[in-house]
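All chains are named by letter (A, B, ...) in the order of the sequence lines, taking the proteins before the strands, and each is independently numbered beginning at 1. Because the structure is a prediction, the values reported are computed rather than measured.
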4 protein chains.
Amino acid sequence: MIIVMETGVKEDQVQQVVDRLVKAGLGTHLSVGEFKTIIGAIGDEKIVRELALDALPFVEKVLPITKPFKLVSREFQEQSTSFNVGNCTIGADEVVVMAGPCAVESEEQLLESAEGVKAAGAQILRGGAFKPRTSPYSFQGLEEEGLKILARVREKTGLPIVTEVMDQHTVGVVAEYADIIQVGTRNMQNFYMLRELGKLDKPILLKRGLSATIEEWLMAAEYIASGGNRKVILCERGIRTFETATRNTLDLSAIPVVKHLTHLPVIVDPSHGTGNWRWVPSMSRAAVAAGADGLMVEVHPRPEEALCDGAQSLTVEKFEALTEDLDKVARVLGRRLKKVD
Amino acid sequence: MIIVMETGVKEDQVQQVVDRLVKAGLGTHLSVGEFKTIIGAIGDEKIVRELALDALPFVEKVLPITKPFKLVSREFQEQSTSFNVGNCTIGADEVVVMAGPCAVESEEQLLESAEGVKAAGAQILRGGAFKPRTSPYSFQGLEEEGLKILARVREKTGLPIVTEVMDQHTVGVVAEYADIIQVGTRNMQNFYMLRELGKLDKPILLKRGLSATIEEWLMAAEYIASGGNRKVILCERGIRTFETATRNTLDLSAIPVVKHLTHLPVIVDPSHGTGNWRWVPSMSRAAVAAGADGLMVEVHPRPEEALCDGAQSLTVEKFEALTEDLDKVARVLGRRLKKVD
Amino acid sequence: MIIVMETGVKEDQVQQVVDRLVKAGLGTHLSVGEFKTIIGAIGDEKIVRELALDALPFVEKVLPITKPFKLVSREFQEQSTSFNVGNCTIGADEVVVMAGPCAVESEEQLLESAEGVKAAGAQILRGGAFKPRTSPYSFQGLEEEGLKILARVREKTGLPIVTEVMDQHTVGVVAEYADIIQVGTRNMQNFYMLRELGKLDKPILLKRGLSATIEEWLMAAEYIASGGNRKVILCERGIRTFETATRNTLDLSAIPVVKHLTHLPVIVDPSHGTGNWRWVPSMSRAAVAAGADGLMVEVHPRPEEALCDGAQSLTVEKFEALTEDLDKVARVLGRRLKKVD
Amino acid sequence: MIIVMETGVKEDQVQQVVDRLVKAGLGTHLSVGEFKTIIGAIGDEKIVRELALDALPFVEKVLPITKPFKLVSREFQEQSTSFNVGNCTIGADEVVVMAGPCAVESEEQLLESAEGVKAAGAQILRGGAFKPRTSPYSFQGLEEEGLKILARVREKTGLPIVTEVMDQHTVGVVAEYADIIQVGTRNMQNFYMLRELGKLDKPILLKRGLSATIEEWLMAAEYIASGGNRKVILCERGIRTFETATRNTLDLSAIPVVKHLTHLPVIVDPSHGTGNWRWVPSMSRAAVAAGADGLMVEVHPRPEEALCDGAQSLTVEKFEALTEDLDKVARVLGRRLKKVD
């Protein structure tokens with residue numbers, strides 16, 4: 001940590017900062033330049049962060065040197081994390097495609113979707129059981145009944161399921177049914193829930209918050225990892241910007257950045273990322289070309305009848321054409337899409 | 001709702017849209033122009049929103065005409081909402097100042113803060129008991145013990161208390177202690193919690209989400225109101241933008257916009273809004289000048305020893321100088337700060 | 001254009017709007033609903049835009065139905081625009097790679113760069129002669145001498161050149177030397193310059209403004225096209241968002257959106273888009289996978305000695321490895337990178 | 001400047017950075033910590049900025065300690081800058097109001113506006129002669145004829161005039177007529193023009209760019225100051241964010257930040273800042289309460305007939321009511337609005 005003092009700082013003010021650092025068990029290093037006096041704090045930056053030194057009127061700013069996350073960092077573990085879900089391995093050579101409808105509407109709808117996406121090459125089935133919506137007047141999901149439908153469709157199709165958990169108190173029930181537990185964009189910083197998820201031995205799909213920086217996103221992953229659960233899949237799903245032509249702005253540059261900073265796998269959700277089925281195929285190809293470890297795509301047999309997010313859902317036919325291209329792009333990077341039998 | 005069809009749309013495609021609208025019980029009005037065919041849907045827009053018409057490839061876009069919120073709108077209720085908390089009235093001529101430390105650290109710290117802010121002119125005491133933090137390695141709040149301290153300090157000082165609730169399952173316990181229940185920025189769209197809060201007869205302070213549009217914010221208020229609780233206080237606390245000189249960008253123009261769209265009171269949190277005590281006094285004055293019904297300001301006896309957000313906390317002395325100015329600005333608008341005895 | 005009136009609007013106020021529309025030569029269509037009165041304006045939307053109807057206190061909002069651009073729209077011309085530059089065709093099956101240093105520093109530096117990028121598979125040489133910089137204390141470019149160096153290096157290598165013009169008064173001199181004239185991000189709305197460029201018969205590479213919406217970007221292209229020059233290449237180069245891990249946020253979803261809205265070719269600049277050479281290869285592959293018609297990449301023989309933007313420049317070796325991958329990704333989409341002999 | 005090396009950096013790589021710094025005439029200071037090796041560069045940071053050290057693969061990041069601007073900084077000159085325009089002083093106790101129509105449309109329109117705003121309390125008349133517009137099909141301003149009209153109206157009313165310059169080549173002609181030369185938001189980084197303006201002895205009103213950080217804005221002011229012209233007025237006019245309820249997001253927190261960082265006067269344009277006349281009065285009061293040195297407000301005798309920006313223009317009557325309030329708010333801060341006779 002580098003503490004930059006205000007211009008014209010007095011000696012006793014500098015000493016006051018040094019004293020606080022020493023008292024907290026840190027080493028210090030003073031550098032008095034022509035323009036600026038700066039103090040280097042040597043030791044654990046977490047301690048310095050707690051000292052609120054920037055509350056002092058003669059401190060101009062406090063600059064961190066190390067990253068605030070540790071367990072999830074590439075510096076802590078150089079080798080990429082990978083783990084199995086059903087027959088596929090996430091974070092390895094395979095590009096894993098999760099697909100299915102936004103919401104579980106009925107067993108018929110989900111089964112039809114599941115069979116469609118399986119035939120087209122998806123390895124994992126997605127579907128939401130809890131769907132709290134922006135409007136209190138919209139469809140809110142089938143809740144636990146939806147989880148049961150997911151489990152029955154898994155049995156029939158062999159596809160592992162990924163579904164969202166909405167708060168810490170339902171972590172248990174969702175964990176009972178799901179193969180991967182999804183943390184939605186609005187819950188990325190629901191720290192009580194992250195703490196519960198950290199106690200499980202089950203993969204967590206952690207969506208990036210709508211306006212979360214990459215650093216904040218990795219701090220959320222650190223929460224889960226610090227509880228003991230290292231099976232975290234990061235999912236880029238678009239950030240909020242001034243552009244309104246797309247629902248969100250899909251930040252594909254997050255893929256190489258995250259791959260550089262952390263050993264965790266990262267996938268992309270082009271459906272929420274763009275909000276329009278028209279842009280999903282090109283953004284899916286781009287995500288794989290950028291190095292994503294997988295995709296999560298909304299597919300519905302009849303999008304115009306979907307109770308939720310129909311505008312961004314692909315038909316099964318369009319999805320099938322897409323997976324063929326994705327396999328080819330993956331092979332350019334020495335990877336592939338594995339079809340489930 | 002106006003449905004704009006893609007250029008070159010065919011007659012049977014137009015008919016398909018008309019049929020779906022009619023089937024949903026809506027009237028339709030067709031307008032075939034030189035460049036565009038548009039369909040006006042007559043009736044409840046909520047129904048049209050659910051139809052996912054923009055999933056159809058020949059529909060270009062769907063334009064809403066009415067607002068998605070109702071109960072909280074100025075069109076539904078022209079007169080401004082006001083209600084009492086302790087001895088003060090929120091949403092009326094008084095400008096109400098809520099002040100206190102970010103987190104409850106101990107009874108001594110809170111009492112000292114409370115006496116300081118009361119003497120300086122605050123009417124309500126703030127303090128957080130639940131403090132889940134970005135880093136899993138930071139101070140996380142005193143939880144229920146913090147609520148008890150708040151209650152004891154209320155008894156000693158007479159100041160009503162506002163404190164944050166973190167999830168739907170603790171709504172009950174927080175409601176037992178708090179005079180106003182605060183919904184934090186990360187929970188603005190925690191719809192399960194909003195639903196619980198809608199069942200109470202207690203004022204809810206609803207902070208704007210970090211990247212929430214004004215419309216989304218009012219929809220969150222609608223959630224609470226639609227449950228039966230009309231005592232909602234909106235709180236602008238800064239939005240996330242590209243600017244890094246301030247922690248967030250305090251959107252003061254939200255005040256007149258919100259006052260125009262809704263009958264609910266709106267206050268401003270300049271502490272989180274700017275993240276730096278240096279900018280708090282000027283932004284507080286500006287908020288009152290813009291027409292805010294109140295303020296929520298972080299004040300700590302010794303900010304540099306605060307366990308949380310010290311950098312944005314005012315000292316009691318600085319806060320006292322500020323309230324004097326605020327009263328004067330309020331009087332320009334025919335309002336005032338009422339001192340509690 | 002749909003004019004939505006304020007709730008409670010009076011009959012004579014509606015008439016006032018209708019009269020203004022009729023006087024301007026437009027047809028009108030009135031729809032009085034239960035909640036809202038709306039007026040449809042029939043005819044050229046450009047005329048309605050000029051009427052400032054939203055200045056009237058009883059008009060709530062004015063909603064456009066058609067797009068504000070015409071000549072560049074896919075509705076006006078369905079077939080994609082393509083044209084030749086040197087031996088390559090932009091906007092057709094080839095993916096065209098423009099590469100070279102940020103700034104022309106000397107003939108030796110440019111020649112070394114040009115030979116390197118040519119051998120690696122670039123078809124066009126980039127290099128800036130005019131480099132006004134954020135800091136008045138930085139290197140500002142070789143100006144006309146830089147243009148002459150570019151021309152000499154073109155002669156030696158056979159590579160056509162793309163270089164930036166900074167204002168309308170130097171359009172003439174830049175046009176004398178350049179094969180493609182680049183409009184930088186800060187000049188996207190320099191309308192005087194766009195007007196001059198509209199008079200030329202030379203391809204214009206129009207970079208997206210740092211905070212320009214796609215619609216504003218296409219309006220800038222419309223400026224050039226409306227002057228008579230239809231050879232416009234759109235270039236996505238990153239937009240400004242809250243994320244600081246990358247210099248800008250490269251908006252690759254702009255590619256399919258722009259391809260849908262307009263017939264113009266679109267390329268991507270991953271160097272400015274990310275600001276870090278580490279992320280350039282993956283973003284280049286992603287751009288091609290998303291359907292970009294080309295790339296513009298900064299390459300420097302020794303980036304750490306570059307006078308400008310070294311941190312985002314690839315070495316020649318890294319660039320060579322990249323072009324091989326790009327060709328493979330292009331082939332998935334039925335395209336290819338053509339090597340220049 | 002602090003150079004943070006990548007984890008695992010080798011000794012000869014550290015030496016390579018040290019050598020480059022020494023060769024550039026800088027002192028160095030090495031600190032090898034448990035986690036990180038960092039190098040402090042001692043001397044002029046401008047030199048370090050030019051070295052492109054972050055292009056080296058073993059350099060993680062380069063952190064600036066000092067600010068990139070100098071002449072305009074409060075550290076360089078502690079006393080606030082103030083200067084006279086006509087009978088008023090900008091940057092002193094007076095709050096200076098500039099008002100008038102967006103565009104000069106005719107002598108009658110401008111004179112009527114000028115007399116109206118003067119009677120209402122404005123000290124300076126605004127009006128645009130050059131109006132390049134987003135759409136090539138809109139009114140583009142009266143150009144030099146507009147400047148002449150401005151001069152004639154100044155003669156008749158005694159009000160000094162502020163008007164915009166669009167490029168470096170018309171700086172001369174605009175300077176001939178204007179009392180204050182305005183740099184528009186799209187030209188904030190038109191460095192060639194800034195350089196020309198730096199040679200004048202005339203106040204420059206420098207609008208903040210639509211997506212410019214405060215630091216970039218002050219660097220633009222530094223351009224002008226480094227040319228010799230210290231009479232720069234900063235003008236906050238709204239930044240681009242995700243919020244669409246207002247045309248831009250007026251960043252009033254920029255006022256105290258800028259007042260802290262620089263000695264230059266700062267004013268606010270609430271008309272462009274909000275894009276809607278409804279929000280202008282409250283944002284004007286807020287700007288003065290936040291400490292702005294003045295305002296720039298669009299006023300038109302009949303906004304619904306304005307050829308430009310009618311929706312954000314106040315009528316003369318509304319403006320008059322506003323100035324009365326502004327004077328009262330100003331007095332809270334020990335300032336006042338001075339009426340011109």
Side-chain angles (χ1 to χ4, degrees), chain A residues 20 46 49-57 62 68-69 130 132-140 166-169 186-195 198 209-213 216 219-220 222-223 225-227 239-240 276-278 300 302-313, chain B residues 20 46 49-57 62 68-70 130 132-140 166-169 186-195 198 209-213 216 219-220 222-223 226-227 239-240 276-278 300 302-313:
Chain A
R20 285 175 62 98
K46 285 199 295 288
R49 278 172 218 274
E50 301 297 310
L51 290 180
L53 293 172
D54 43 5
L56 294 165
V62 177
F69 46 85
F130 299 91
R133 304 284 292 286
T134 316
S135 167
Y137 311 115
S138 295
F139 172 67
Q140 309 274 330
M166 298 306 304
D167 75 7
Q168 74 263 39
H169 301 276
R186 293 193 195 110
N187 273 316
M188 191 200 84
Q189 292 191 320
N190 183 335
F191 299 117
Y192 291 122
M193 193 171 91
L194 297 181
R195 224 186 277 166
L210 188 56
S211 61
T213 62
E216 290 167 340
M219 280 309 284
E222 181 84 5
Y223 247 89
S226 71
I239 56 173
R240 183 154 275 184
N276 189 323
W277 60 269
R278 287 174 182 86
H300 195 284
R302 286 165 302 282
E304 71 281 7
E305 294 178 11
L307 296 183
C308 166
D309 281 347
Q312 69 194 32
S313 297
Chain B
R20 284 176 61 99
K46 285 199 295 291
R49 278 171 219 274
E50 301 298 308
L51 290 180
L53 293 171
D54 42 6
L56 295 165
V62 177
F69 46 87
K70 184 187 159 202
F130 299 91
R133 304 284 292 286
T134 317
S135 167
Y137 311 115
S138 294
F139 171 69
Q140 310 273 330
M166 298 307 303
D167 74 7
Q168 74 263 39
H169 300 277
R186 294 193 194 109
N187 273 316
M188 191 200 85
Q189 293 192 320
N190 183 335
F191 298 118
Y192 291 122
M193 193 171 91
L194 297 181
R195 224 186 276 164
L210 188 57
S211 61
T213 62
E216 289 167 339
M219 280 309 284
E222 182 85 4
Y223 247 89
S226 72
I239 56 173
R240 183 155 274 186
N276 189 322
W277 60 269
R278 287 173 181 87
H300 195 284
R302 285 164 302 283
E304 71 281 7
E305 294 177 11
L307 296 182
C308 166
D309 280 348
Q312 69 194 32
S313 296

message: Determine whether a donor-acceptor pair (N or O, by modelled atom type, separation under 3.5 Å) exists between the side chain of B:Arg186 and the backbone of A:Phe191.
response: no
- request: Give, as side chain, backbone, both or neither, the part of A:Arg240 having an atom under 4.5 angstrom from any heavy atom of chain B.
  value: side chain
- line: Of A:Gln189, A:His300, A:Lys46, A:Met188, the largest count of non-hydrogen pairs under 4.5 angstrom with chain B goes to A:Gln189
Separation between CD of B:Glu305 and CG of A:Leu51, rounded to the nearest 0.5 Å: 11.0 Å
Closest heavy-atom pair and its distance - A:Trp277, B:Ala55: NE1-O, 3.5 Å
Which portion of B:Tyr223 sits near chain A, non-hydrogen atoms under 4.5 angstrom: both
message: Taking side chain as everything from C-beta outward and backbone as N, CA, C, O, which of these in A:Glu216 sits under 4.5 Å from a heavy atom of chain B? Side chain, backbone, both or neither.
response: side chain
query: For A:Ala212, is it the side chain, the backbone, both or neither that has a heavy atom under 4.5 Å from a heavy atom of chain B?
result: backbone
query: Heavy-atom distance under 4.5 Å to chain A: side chain of B:Leu53, backbone, both or neither?
result: neither
field: Heavy-atom pair with the smallest gap, counting every atom of A:Ala52 and B:Ala306
entry: CB-O, 4.2 Å
message: Only pairs of heavy atoms separated by less than 4.5 Å count here; which of B:Asn187, B:Val62, B:Leu210, B:Asp167 has the most with chain A?
response: B:Asp167
query: Between A:Gln312 and chain B, which part of the residue has a heavy atom less than 4.5 Å away: side chain, backbone, both or neither?
result: neither
Separation between CG of A:Asn190 and CE of B:Met166, rounded to the nearest 0.5 Å: 7.0 Å
message: Quick check on A:Phe130 against chain B: is it the side chain, the backbone, both or neither that has a heavy atom closer than 4.5 Å?
response: both
